[in-house]
2 protein chains.
Amino acid sequence: MILQKKSAFNQFAAARGLRSTRQRDLILDVFLSTHEHLSVEELYLKVKVSAPGIGQATVYRTLKLFAEAGLAREMTLSDGQTRYEHVMAGEHHDHLICSRCATIVEFEDATIERLQNEIAARHGFSIRSHRLELYGLCPACKETVPVP
Amino acid sequence: MILQKKSAFNQFAAARGLRSTRQRDLILDVFLSTHEHLSVEELYLKVKVSAPGIGQATVYRTLKLFAEAGLAREMTLSDGQTRYEHVMAGEHHDHLICSRCATIVEFEDATIERLQNEIAARHGFSIRSHRLELYGLCPACKETVPVP
DNA sequence: TCATAAAATGATAATGATTATCAAAATAGA
DNA sequence: TCTATTTTGATAATCATTATCATTTTATGA
């Protein structure tokens, strides 16, 4: 699977006249090895563990390339910071976000997807993407926070 | 209606030990007089027309107060910039956003709202708010952009 | 009306996330 | 091996936002 993704990225790079560099290779390794929704800073810190010499600007540039290549998806949560998640072939999902501990849980609902398309059509829009985020408290935080 | 909102803000301010200042009054006037989803910069430029002496930091601080008072709602679109819209009593809506001309259209769908609550419950979350944005092309931009 | 305490302001410095710049390094093809 | 071009890393620059602080304004009580 990871080899598949690496290959996909290399094909994308070749098609764009871009180089396959060891930094990009390593950053992709680290990115694919975690299933969290990471900010650039967080990924950079993980990359620094294996390759201290890689610059933060390189990580910024490389993540944008992964997004262009379809391997990563950018998401901007309410805190305004850009995070990245894996793109799994043929899959889309939305997010439940805990306002207290920042836990992110993914979900998918075909009915909502269909309704979104209907609403868009009703307004004469043709939609390409969407963002659905539900903010509240996760099960763990619900236990510890008294209801006001 | 505007008087109502001003009164509501003044009550909020008094309850918080805050002052009612002419700058806040004017900023609220300008904010309520437009129904767009404005960034702080955009609102600041509008405010400057009537009151050149008002500082940008004042507009930043004041908009945050309007949000706390329940008169405005912050929204962060994909561009990462914070925008503000009016809060209408008892109403919630979501947004269709044109990726080309940045037009924002509001909509509301009770079924989606209900499904969101069901999904949250299914994952043990209790949600407080959500964000739903559909990105695509508005009717006008669909006309002018050839389908690839 | 005046005095005063406290909030608010405006200008601007500071912050943090992100991007631009550029000399040097790395890559890939001939 | 050579060379053209891309990429890198360090860091300056940018931009949206917030912090700082001297000064101003507000609201209250006398």
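Reminder, nothing fancy here: chain letters follow the sequence lines and each chain counts from 1.
- B:L26 has its CG atom 15 Å from the P atom of D:dT25, to the nearest Å.
- Rounded to an integer number of Å, the gap from A:Y44 OH to C:dT19 P is 16 Å.
- Rounded to an integer number of Å, the gap from CD of A:E42 to P of C:dT18 is 11 Å.
- No donor-acceptor contact under 3.5 Å links the side chain of A:R24 to the base of D:dT7.
- Each of A:K6, A:R22, A:K5, A:K46 was evaluated against A:D29; a single residue qualifies, A:K6, per the salt bridge (Lys or Arg N to Asp or Glu O under 4.0 Å) test.
- Rounded to whole Å, the distance from CZ on A:R16 to P on D:dT7 is 9 Å.
- Nucleotide D:dT7 holds its P atom 14 Å from the CG atom of A:D25, rounded to whole Å.
- Among the heavy atoms of the strands lying under 4.0 Å from B:Q23 are primed sugar atoms or P, OP1, OP2 only; no base atom is included.
- Taking atom CG of residue B:L45 and atom P of nucleotide D:dA16, one finds them 11 Å apart after rounding to whole Å.
- Considering only the side chain of A:T21, D:dT7 comes nearest among C:dA8, D:dG9, D:dT7.
- The shortest heavy-atom contact between B:H123 and A:V105 is CD2-CG1, 3.7 Å.
- Contact check, B:Y60 against D:dT18: no side-chain N or O comes under 4.0 Å of OP1 or OP2.
- DNA chain C is contacted by both B:A57 and B:G17; B:G17 maps to the nucleotide lying nearer its 5′ end (nearest heavy atom per residue).
- OP1 and OP2 of D:dT17 both lie 4.0 Å or more from every side-chain N or O belonging to B:K64.
- Of the two residues near DNA chain D, B:R61 and A:T62, the one whose nearest nucleotide lies more 5' is A:T62.
- The B:Q81 side chain lies nearest to D:dA16 when the options are D:dT8, D:dA16, D:dT26.
- The side chain of A:Q56 contributes no N or O atom lying less than 4.0 Å from OP1 or OP2 of D:dT11.
- Within the 4.0 Å cut-off from OP1 or OP2 of C:dT18, at least one side-chain nitrogen or oxygen of A:T82 is found.
- The nearest whole Å value for the distance from the CD1 atom in B:I54 to the P atom in D:dT24 is 17 Å.
- Here the options are B:E106, B:R83, B:H86, the test is side chain to side chain donor-acceptor pair (under 3.5 Å), and the partner is B:H37; only B:E106 passes.
- Ion pairing between a basic and an acidic side chain is recognised when a charged N comes within 4.0 Å of a carboxylate O; B:K64 and B:E74 show such pairing.
- Looking at which nucleotide of DNA chain D each of B:S20 and B:E41 is closest to, the 5′-most match is held by B:E41.
- The closest donor-acceptor contact from the side chain of B:R24 to the backbone of B:R19 lies under 3.5 Å.
- Checking side-chain atoms of A:T62 against main-chain N and O of A:V59 turns up no donor-acceptor pair under 3.5 Å.
- Residue side chain A:R19 does not reach the base of C:dG29 through any donor-acceptor N/O pair under 3.5 Å, judged by distance alone.
- Residue contacts for B:S39: at a heavy-atom cut-off of 4.0 Å it reaches no nucleic acid atom on any strand shown.
- Between the C1' atom of D:dT18 and the CG atom of B:L63 lies a distance of 14 Å, rounded to the nearest Å.
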